[in-house]
Amino acid sequence: MTACWHLLHAEWTKFRTVRGWVIGMLVAVGVTVLVGLLGPASSNVSCAGPGGRPCTLANHTPPLGPDGEAVADGFYFVRQPLTGDGSITARLTSLTGSVQPWSKTGVIIKASTRQGSAYAAVVATGSHGVRMQYDFTHDTAGQPGDPRWLRLTRAGDTITGYDSTDGTHWHVISTATLAGLPTTVQAGLLATSPGVDGPTLATGTFDNVSLAGAAPGRWIGGDVAGLGPGGGPGSGFQQSGGTLTVSGSGDIAPAVPGQGGLDKTIENGLIGVFAGLIAVIIVATLFVTTEYRRGLIRTTLAASPWRGGVLAAKAVVVGVVTFVAGLVAASIAVPLVARLEHGKGFYVYTVTPLTELRVVVGTAALLAVSAVLALAVGTMVRRGAGAVAAVIVAIVLPYILTIAPVLPAGAAEWLARLTPAAAFAVQQSIPQYTQVTASYTPADGFFPLAPWAGFGVLCGYTAIALVVAFFVLHRRDA
């Protein structure tokens, strides 16, 4: 243990006494923050409100769901109040109109008509069968085939969704607990259809509609207008005998970046990480190659014959220093850029504190592990220029190719899976939602691997490089 401490102390002393390496780390922090600031500095919101008046932030701020996430909440709602426990049942006879894969029509229980309020729904979709969806982010598939009978039951805060092919034998899709559901809720039918290049309209026709637990009442129709058109041309409902026809457009789902055009994510403040990464790679590589170039490695190995320990000590020192530098840079850039973008009229997607912590700490870890990778490559190559070029080609170049629209989406996704650039997935703050049609490509900020899985790819490359560097250090003369 004493020997390990002495090795760490010796390598730390080397690092902090070389002014160029310390300055290099400070440069990494500075460029990470400054490049991140270029985005809000060069962009502005320009749009016109009613009567030619300027837009305000409220014009393009999506409503927030029960968990504080941005949501789309636009559909046509035919409803009656339901006090206490009860159920709504309906048979869907047809889904028509300009139907999209995620057009929806079915039964819904919603806390209120306020945008973003809690809800549960069992819906038939254009191409994805029957689904039970609740509170915007939750989505469960119903039974296969083409069940047309849909039902929701309420017992306190618990909503259970069912589907059936004959109206007699019911299949439980899922159960949702909507905490704090008021005593009186709104129950009824919905229709909505997300736009592609413009508003689309879905029409659901129902019969055998029954609302149990409520006094007989009149159906009331109206738009719940959220992100995008809540009720396009043709939205509304008709009642003829026992048949109800509901038409609507919009969407009831999570909101994702890129749909509004005036939205940003917290990782927009980290666009400068690739510039800081280059500085980190240079410093980490020189931390070992400088000793080879000047012949000081002989002195180091003579003083510490345990060569593996020397490599490990260098890796710990450069990794910890880089992690601290990255943590400082990300902690400054993320809130600062988000505040500037919000001040310019952009909507910045809110995330949970744990997600923001993961983005900041994950960015610092990305830089730290990249520095260790550069150190390992420098140990193998022994030449600063060659090692720096190799690591930049391995990490920075694939990252630039994936986020820039220069490659087909498929090729960009494979780069983001197989190269060390996969680690940038740790910065993704908004997940992909299967129930939302969007452009989920690296160029749009969505990586094909989960955040820590992508980071694990970089760790795998670094571990292999360290093992190879260990054997090279042992086999070669200093």
Side-chain angles (χ1 to χ4, degrees), residues 63 66 73-95 97 104-124 130 132-135 147-164 167-168 170 173 175-193 201-226 230-232 234-250 252:
D73 197 6
F75 61 96
Y76 197 86
F77 193 8
V78 180
R79 66 193 187 278
Q80 290 186 31
L82 172 64
T83 301
D85 297 342
S87 67
I88 180 166
T89 303
R91 184 180 71 161
L92 174 68
T93 60
S94 68
L95 172 58
K104 305 168 191 176
T105 190
V107 294
I108 183 172
I109 292 175
K110 192 166 171 64
S112 71
T113 57
R114 179 183 62 82
Q115 298 170 23
S117 61
Y119 78 95
V122 174
V123 295
V130 169
M132 178 172 176
Q133 299 180 341
Y134 65 95
D135 283 358
R148 289 285 171 160
W149 289 81
L150 314 174
R151 173 179 289 173
L152 284 170
T153 63
R154 178 195 183 184
D157 288 348
T158 301
I159 308 292
T160 304
Y162 304 83
D163 59 10
S164 172
T168 301
W170 291 92
I173 303 173
T175 298
T177 299
L178 308 184
L181 202 62
T183 302
T184 299
V185 296
Q186 300 297 315
L189 308 173
L190 82 151
T192 188
S193 185
L201 190 74
T203 298
T205 302
F206 300 88
D207 61 15
N208 291 277
V209 180
S210 63
L211 185 59
R218 181 173 62 89
W219 291 107
I220 301 171
D223 289 320
V224 175
S235 65
F237 85 102
Q238 294 179 347
Q239 184 173 7
S240 176
T243 299
L244 276 169
T245 301
V246 187
S247 301
S249 63
I252 179 168

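What's counted below: heavy atoms across the whole structure, side chains too, no hydrogens, waters or symmetry copies.
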For Ser210, the side-chain contact (heavy atoms from CB on, under 4.5 Å) test, sequence neighbours excluded, returns Thr89
Salt bridge (charged side-chain N to carboxylate O under 4.0 Å, His left out) contacts in which one or both residues fall within residues 176-187, not counting sequence neighbours: none
Taking atom types as modelled and ignoring hydrogens, do the side chains of Thr184 and Thr83 form a donor-acceptor contact shorter than 3.5 angstrom? yes
Please answer whether the main-chain N or O of Gly116 pairs with a side-chain N or O of Asp73 as donor and acceptor at a distance below 3.5 Å. yes
Minimum heavy-atom separation for Ala118 to Pro66, with atom names? CA-CG, 3.8 Å
Check whether any side-chain heavy atom of Thr93 sits under 4.5 Å from a side-chain heavy atom of Thr243, and report yes or no. no
Contacts of Asp207 that satisfy salt bridge (Lys or Arg N to Asp or Glu O under 4.0 Å) - sequence neighbours left out: Arg91
Work out which heavy atom in Ser112 is nearest to a heavy atom in Ser117; give both atom names and the distance. O-OG, 2.9 Å
Is the backbone of Leu190 close enough, under 3.5 Å, to the side chain of Thr105 for a donor and an acceptor to pair up by distance? yes
List for me each residue that meets salt bridge (Lys or Arg N to Asp or Glu O under 4.0 Å) alongside Arg148, sequence neighbours excluded, and say none if there are none. Asp146
Sorted by chain and residue number, the side-chain contact (heavy atoms from CB on, under 4.5 Å) partners of Ala90 (sequence neighbours excluded) come out as Val107, Leu189, Phe206, Val209
Short question: side chain of Gln115, backbone of Pro63 - any donor-acceptor pair under 3.5 Å? no
Search all heavy atoms of Ser164 against all heavy atoms of Gly167 and return the closest pair with its distance. OG-N, 2.8 Å
Given the rule in the side chain to side chain contact (heavy atoms under 4.5 Å, CB included) test, do Val130 and Leu92 qualify, once you have shown the distances and angles that lead to the verdict? CA-CA 11 Å; Val130 169; Leu92 174 68; over 6 Å; no
Can you confirm whether Gln133 sits close enough to Tyr119 that some side-chain heavy atom of one is under 4.5 Å from a side-chain heavy atom of the other? yes
Please find the pair of heavy atoms, one from Leu82 and one from Ala212, that lie closest to each other, and give the distance. CD1-O, 3.7 Å
Distance-minimising heavy-atom pair for Ser235 and Gly248: CB-CA, 4.1 Å
To the nearest 0.5 Å, how far apart are CZ in Phe77 and CZ in Phe237? 12.0 Å
Sidechain-backbone polar pair: Thr203 side chain, Gly97 backbone, donor-acceptor under 3.5 Å: no
To the closest 0.5 Å, what do you measure between CE (Met132) and CG (Leu152)? 6.0 Å
Out of curiosity, Thr192 OG1 to Asp223 CG, how far, rounded to the nearest 0.5 Å? 9.5 Å
Taking atom CD of Gln239 as the centre, report whether more than 12 heavy atoms of other residues, nucleotides or ligands fall under 6.0 Å from it. yes
Can you list the residues that meet the side-chain contact (heavy atoms from CB on, under 4.5 Å) rule with Thr153, with sequence neighbours excluded? Ser87, Arg151, Thr160, Tyr162
Heavy-atom closest contact (Thr168 atom, Trp170 atom, distance): O-CD1, 3.4 Å
Could you grab the distance from atom CZ of Arg154 to atom CD1 of Ile88, nearest 0.5 Å is fine? 13.5 Å
Atom CG in Leu178, atom OH in Tyr134: separation rounded to 0.5 Å? 8.0 Å
